[in-house]
Chemist: 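Have a look at this one.
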2 protein chains.
Amino acid sequence: MARIAADGETDVGGPAKNRRAEQRMALFHARLRERALKSTAPRDDIARVFFALSRHVSAEELYAEVKRINPHVGYATIYRTLKLLKDCGLLSERHFDEGQARYEVVGEHHHDHFICEDCGRILEFEDEAIERMQRNIARRLGVTLHRHKLELYGRCADCAAKAGDQDL
Amino acid sequence: MARIAADGETDVGGPAKNRRAEQRMALFHARLRERALKSTAPRDDIARVFFALSRHVSAEELYAEVKRINPHVGYATIYRTLKLLKDCGLLSERHFDEGQARYEVVGEHHHDHFICEDCGRILEFEDEAIERMQRNIARRLGVTLHRHKLELYGRCADCAAKAGDQDL
DNA sequence: CTAGTTGCAAATGTTTTGCACAAAC
DNA sequence: GTTTGTGCAAAACATTTGCAACTAG
């Protein structure tokens, strides 16, 4: 009924992950060509790191990772490339309840998020019933639905175990 | 099954609204006394305007309105009072997909929001089935749910009518 | 009196932008 | 050779904070 995946839980650094990352890079280059935009070293470095991480990264985290392989890159290029990847439909931007945005690789299916308020861990889930219900509400409100955002906040199993004595 | 209310649609500026706003002010003063905090002119002005507006206001909008009745008040006091009202459980802070936060008076029942991407109008709705389903997902994920955020984005009926020829 | 409150200006943190230089097509 | 992309520093934006002056209890 519902698929559940923890952050980066699928293909943990394995060959499948690399293959997928390479596919994304190919797609990225194709999109650039379509738009007559240029393929450059900083752009490729940022995109490659982003696809390889494939978690919910912040610009800051991505910047730090990119610096390791290309210390020359500036923050502005990080943000510009993130926006470009978004325009290319390869990235989606999320604003959870923190100051900074988080970015994730666009996958095959839509999903929503659970965010642990203690450790920040992000779990993804999918539920067709909820999707259906949202469409019902849209009909009832007489509006056209473009997109939605469902975020659950709470405490993950690990943190609940750790906090056990103090909180329960 | 589900209650639906447009922004400020209930008690449009009528006596019921004023009565409710006064009740909130009384509650606010009670909460201040409990905490041994002071009741001051700027605080009261901000709270009164906030309760009277009772929409999804931004700090900027609230500041502008408060300035009209007390031009002396600064931005810092707006933010400090918003935080205070939140701590008192009289206000809830929302971060829709804009840069700035929006604040609303805490009412009797929990509700979620639809936001029109064209005109910015905000509709509120309530749906017990969705609430139930979220609890199911939390159980499935093995997490403890503290709160959630469900936002639908799209085009309201009015904007759809206006855009009719161009878009549909 | 004394702790809490205010307004201002300056600081903050994240993201964007102007611009001169550099690199791709 | 153009056009596009880059890095840097500065700007922008919403929000927070330090501080000296003020005021409610």
Chemist: At less than 4.0 Å, is any side-chain N or O atom of B/Tyr79 found next to OP1 or OP2 of D/dT15? Yes or no.
Modeler: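 So the side-chain polar atoms of B/Tyr79 do come within 4.0 Å of the phosphate oxygens OP1 or OP2 of D/dT15, strictly under.
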
Chemist: Starting at atom CG of B/Leu84, determine the distance to atom C1' of D/dT16, rounded to an integer number of angstrom.
Modeler: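 Taking CG of B/Leu84 and C1' of D/dT16, I get 16 Å after rounding.
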
Chemist: What nucleic acid atoms does A/Arg43 come within less than 4.0 Å of, heavy atoms only: base, sugar-phosphate, or nothing?
Modeler: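 Contact class for A/Arg43: sugar-phosphate only.
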
Chemist: On DNA chain D, check which nucleotide each of B/Arg80 and B/Tyr103 is closest to and give me the residue with the more 5' one.
Modeler: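 Closest to the 5' end, via its nearest nucleotide, is B/Tyr103.
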
Chemist: Return the value, rounded to whole Å, for the distance between atom CD1 of B/Ile78 and atom C1' of D/dT16.
Modeler: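 The distance from CD1 of B/Ile78 to C1' of D/dT16 comes to 14 Å, rounded to the nearest Å.
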
Chemist: Within this structure, what is the CZ-to-C1' distance between A/Arg102 and C/dG13, rounded to whole angstrom?
Modeler: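 The answer, rounded to whole Å, is 15 Å.
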
Chemist: Classify the ring geometry between A/Phe51 and A/Phe28 as parallel (under 30°), tilted (30 to 60°) or perpendicular (over 60°).
Modeler: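 The arrangement is perpendicular - the two ring planes meet at more than 60°.
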
Chemist: Mapping B/Thr81 and A/Leu37 to their closest nucleotides on DNA chain C, which lands nearer the 5' end?
Modeler: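 So the residue in question is B/Thr81.
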
Chemist: Determine: side-chain N/O of B/Thr40 to OP1/OP2 of C/dG4, distance under 4.0 Å, yes or no.
Modeler: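 For C/dG4, OP1/OP2 do not have a side-chain N/O of B/Thr40 under 4.0 Å.
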
Chemist: Between B/Asn70 (CG) and C/dT6 (C1'), how many Å, whole number?
Modeler: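 Checked: the CG to C1' distance equals 11 Å.
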
Chemist: Passes salt bridge (charged side-chain N to carboxylate O under 4.0 Å, His left out), A/Glu22 versus A/Arg19? Steps please.
Modeler: CA-CA 5 Å; A/Glu22 274 161 42; A/Arg19 220 175 302 129; over 6 Å; no

Chemist: Are B/His109 and B/His111 near enough that their ring centres are under 6.0 Å apart?
Modeler: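 Ring centres of B/His111 and B/His109 not closer than 6.0 Å.
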
Chemist: Of the options B/Glu104, B/Arg102, B/Glu151, which is the one that meets B/His113 in a side chain to side chain donor-acceptor pair (under 3.5 Å)?
Modeler: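 Single side chain to side chain donor-acceptor pair (under 3.5 Å) partner of B/His113 among B/Glu104, B/Arg102, B/Glu151: B/Glu104.
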
Chemist: Do A/Asp97 and A/Ile115 have side chains that get closer than 4.5 Å, going by heavy atoms?
Modeler: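 No, their side chains stay 4.5 Å or more apart.
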
Chemist: Roughly how many Å is it from CZ in A/Arg94 to P in C/dT14, rounded to a whole number?
Modeler: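 About 20 Å, once rounded to whole Å.
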
Chemist: Without decimals, in angstroms, what is the distance between B/Glu98 CD and C/dT14 P?
Modeler: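 In whole Å, C/dT14 P and B/Glu98 CD are 20 Å from each other.
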
Chemist: Select from B/Glu60 and A/Ala41 the residue whose nearest nucleotide in DNA chain D is closer to the 5' end of that strand.
Modeler: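 Between the two, 5'-proximity favours A/Ala41.
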
Chemist: Taking OP1 and OP2 of D/dT16, is either one under 4.0 Å from a side-chain nitrogen or oxygen of B/Lys83?
Modeler: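 Answer yes for this pair, as a side-chain N or O of B/Lys83 is under 4.0 Å from OP1 or OP2.
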
Chemist: Let me know the distance between OH of A/Tyr75 and C1' of D/dA12, rounded to the nearest Å.
Modeler: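 Rounding to the nearest Å, OH of A/Tyr75 and C1' of D/dA12 are 17 Å apart.
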
Chemist: Touch check for A/Ala101, heavy atoms < 4.0 angstrom, all strands: base, sugar-phosphate only, or nothing?
Modeler: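 Contact class for A/Ala101: sugar-phosphate only.
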
Chemist: To the nearest angstrom, how far is B/Lys38 atom NZ from D/dA24 atom P?
Modeler: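 From B/Lys38 NZ to D/dA24 P: 9 Å.
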
Chemist: Look at all strands and tell whether B/Ser58 reaches a base, only sugar-phosphate, or nothing, counting heavy atoms closer than 4.0 Å.
Modeler: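 The answer is nothing, as B/Ser58 stays clear of every strand by at least 4.0 Å.
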
